[in-house]
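Note sheet for the following structure.
Any value given below was found using the heavy atoms of this structure, including those in side chains, with hydrogens, waters and symmetry copies removed. Residue indices begin at 1 and follow the sequence shown. Atoms within a ligand are numbered from 1 in the order they appear, just like the ligands themselves.
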Amino acid sequence: MLSFKNVEFNYQAQPVFSDLNFDLSQNEFCYVIGKSGAGKSTFLQLIYMNILPSYGRIIFDKYDSQTIKPRELPMLRRKLGIIFQDFKLLRDRNIYENLSFVLEATSRTRSEIKKRVNDALTDVGLSHRRYSMPDELSGGEKQRIAIARAIVNDPMLILADEPTGNLDPETSLEILDIIKKINARGTAVILATHNYELIKSHNAKIIKIEDGKALKVVLKPKQ
Ligand SMILES: Nc1ncnc2c1ncn2[C@@H]1O[C@H](COP(=O)(O)OP(=O)(O)OP(=O)(O)O)[C@@H](O)[C@H]1O
Ligand SMILES: [Mg+2]
């Protein structure tokens with residue numbers, strides 16, 4: 001479903017990745033770890049083709065970084081759900097509108113949009129907050145809404161960049177549990193984090209970005 005082949009990426013003359021190879025199959029859950037500045041966020045941006053490799057190629061679904069046209073980017077992004085550390089909700093719209101906004105560009109009927117938004121809000125346990133404004137929610141609730149927004153269009157892959165970075169340990173675990181449940185229903189997930197404590201008991205694939213390469217991490221079985 002997703003493949004990086006000998007990807008090199010430079011910001012101006014600064015290399016971030018020199019020879020990065022990576023594969024992800026459908027339904028897989030993969031953590032991306034690595035120290036600050038290693039390139040975790042850059043890695044995720046390459047997947048949604050916000051930036052393109054300087055060398056090598058990335059293939060996601062039927063899209064190839066070497067041949068994708070700018071007008072195809074919205075179609076590619078519709079197959080992804082993206083979650084950020086700082087939630088990125090639209091502050092001037094209520095929760096329902098934050099989610100329905102994602103579906104407006106798709107040719108869905110109003111009743112279909114309503115059903116999808118309500119289902120996604122139910123999945124994260126916040127359908128009763130549909131008419132709240134983002135500023136009326138706690139950080140954990142905001143992140144749950146951001147997860148609902150990421151799944152409302154039924155993506156193939158969820159990209160999460162430090163989704164628990166602004167949350168306390170207990171709320172972080174709740175957020176991770178919701179993302180795991182979505183994965184168990186068949187959506188692939190790539191989650192970047194430097195919180196190794198949070199993820200170490202989850203038996204999922206982990207790659208470490210170091211010196212411009214992606215290293216597979218083999219975890220010790222849980223004690
Ligand atoms: N827009 C940009 N222009 C130039 N250099 C950048 C840009 N964004 C990131 N970089 C550089 O690329 C490298 C990788 O950054 P990136 O944000 O991907 O790291 P990260 O692993 O996500 O770090 P963190 O854990 O702090 O979020 C860093 O050296 C950073 O300074
Ligand atoms: Mg980052």
Side-chain angles (χ1 to χ4, degrees), residues 2-24 28-60 63 65-66 68 70 73 76-77 80-89 139-140 142-147 149-150 155 157-169 171-173 175-176 178-180 182-183 187-202 204-219:
L2 172 68
S3 180
F4 279 58
K5 296 186 196 300
N6 309 108
V7 169
E8 182 180 311
F9 180 76
N10 311 307
Y11 275 120
Q12 288 88 38
Q14 261 314 93
V16 183
F17 299 121
S18 55
D19 184 19
L20 193 124
N21 289 286
F22 173 76
D23 285 289
L24 188 85
E28 207 167 4
F29 197 122
C30 178
Y31 292 104
V32 179
I33 61 172
K35 63 177 194 233
S36 183
K40 301 179 295 296
S41 300
T42 304
F43 179 75
L44 298 179
Q45 285 186 62
L46 282 163
I47 300 170
Y48 58 93
M49 301 199 194
N50 193 35
I51 51 179
L52 292 170
S54 318
Y55 181 81
R57 64 166 23 137
I58 298 164
I59 296 165
F60 169 65
Y63 302 99
S65 63
Q66 291 192 344
I68 192 163
L73 285 173
L76 176 151
R77 306 250 168 91
L80 295 168
I82 309 177
I83 303 167
F84 299 96
Q85 175 172 354
D86 59 354
F87 326 123
K88 296 205 193 300
L89 301 177
K142 281 187 192 138
Q143 197 56 301
R144 286 205 252 167
I145 297 301
I147 294 170
R149 180 183 56 188
L157 170 63
I158 292 198
L159 303 176
D161 195 353
E162 294 282 0
T164 62
N166 287 355
L167 306 173
D168 63 66
T171 309
S172 296
L173 280 173
I175 290 296
L176 194 58
I178 294 173
I179 299 174
K180 284 185 194 170
I182 293 163
N183 172 251
T187 310
V189 175
I190 299 180
L191 191 155
T193 183
H194 37 227
N195 190 347
Y196 186 69
E197 280 303 305
L198 181 71
I199 66 169
K200 67 179 185 190
S201 62
H202 183 193
K205 179 167 162 179
I206 301 185
I207 61 155
K208 184 172 187 184
I209 297 184
E210 198 171 80
D211 301 330
K213 296 185 170 55
L215 312 171
K216 275 208 181 86
V217 178
V218 180
L219 277 183

- Message: Below 2.8 Å, can you find an N, O or S atom of Ser36 next to the Mg ion (ligand 2)?
- Response: no
- Message: Tell me whether atom 31 (O) of ligand 1 lies less than 4.0 Å from at least one protein heavy-atom position.
- Response: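 No, there is no protein heavy atom closer to it than 4.0 Å.
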- Query: Is His194 touching ligand 1 with its side chain, its backbone, both, or neither, if touching means heavy atoms under 4.0 Å apart?
  - Reply: side chain
- Between Thr42 and ligand 1, which residue portion shows a heavy-atom distance shorter than 4.0 Å: side chain, backbone, both, or neither? both
Any nitrogen or oxygen of [X] lying under 3.5 Å from a nitrogen or oxygen in ligand 1? Just yes or no.
X	result
Gly37	yes
Gln12	no
Glu162	no
Phe43	no

- How far apart are the C-alpha atoms of Leu46 and Leu20, what are their side-chain angles, what is the distance that settles it, and do they pass the side-chain contact (heavy atoms from CB on, under 4.5 Å) test? CA-CA 11 Å; Leu46 282 163; Leu20 193 124; over 6 Å; no
Could you check whether any heavy atom of [X] sits closer than 4.0 Å to an atom of ligand 1, since that is the contact criterion I want to use?
X	answer
Gln45	no
Gln14	no
Ala38	yes

Under a 3.5 Å distance rule, please check whether [X] uses its side chain to pair with a backbone N or O of [Y] as donor and acceptor.
X	Y	answer
Asn21	Asn6	yes
Glu210	Leu215	no
Glu8	Gly56	no

Distance from [atom] to nearest protein heavy atom, with residue and atom:
atom	value
atom 9 (C) of ligand 1	Tyr11 CE1, 3.3 Å
atom 27 (O) of ligand 1	Ser41 OG, 4.0 Å
atom 26 (O) of ligand 1	Ser36 OG, 2.6 Å

- Parallel, tilted or perpendicular: rings of Phe29 and Tyr31 (30°, 60°):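 The arrangement is tilted - the two ring planes meet at 30° to 60°.
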- Message: For Phe22 together with Phe43, are the ring centres under 6.0 Å from each other?
- Response: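 They qualify: ring centres under 6.0 Å apart.
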- Check against side-chain contact (heavy atoms from CB on, under 4.5 Å), Ile51 and Thr42: CA-CA 8 Å; Ile51 51 179; Thr42 304; 3.7 Å; yes
- Task: Please check if atom NZ in Lys35 has more than 12 non-hydrogen atoms from other residues, nucleotides or ligands closer than 6.0 Å.
- Result: no
Please could you name the atoms of ligand 1 that [X] approaches to less than 4.0 Å, counting only its heavy atoms?
X	value
Gly39	14 (C), 16 (P), 18 (O), 19 (O), 20 (P), 21 (O)
Lys40	18 (O), 19 (O), 20 (P), 21 (O), 22 (O), 23 (O), 24 (P), 25 (O)
Lys35	21 (O)

- Where do Phe60 and Leu76 land on the side-chain contact (heavy atoms from CB on, under 4.5 Å) test, with the steps shown first? CA-CA 8 Å; Phe60 169 65; Leu76 176 151; 4.0 Å; yes
- Task: Mind running side-chain contact (heavy atoms from CB on, under 4.5 Å) on Leu89 and Arg149 for me, showing each step along the way?
- Result: CA-CA 9 Å; Leu89 301 177; Arg149 180 183 56 188; 3.9 Å; yes
- Message: Ile83 and side chain to side chain contact (heavy atoms under 4.5 Å, CB included): which single residue from Thr164, Ile158, Leu44, Ile175 fits?
- Response: Ile158
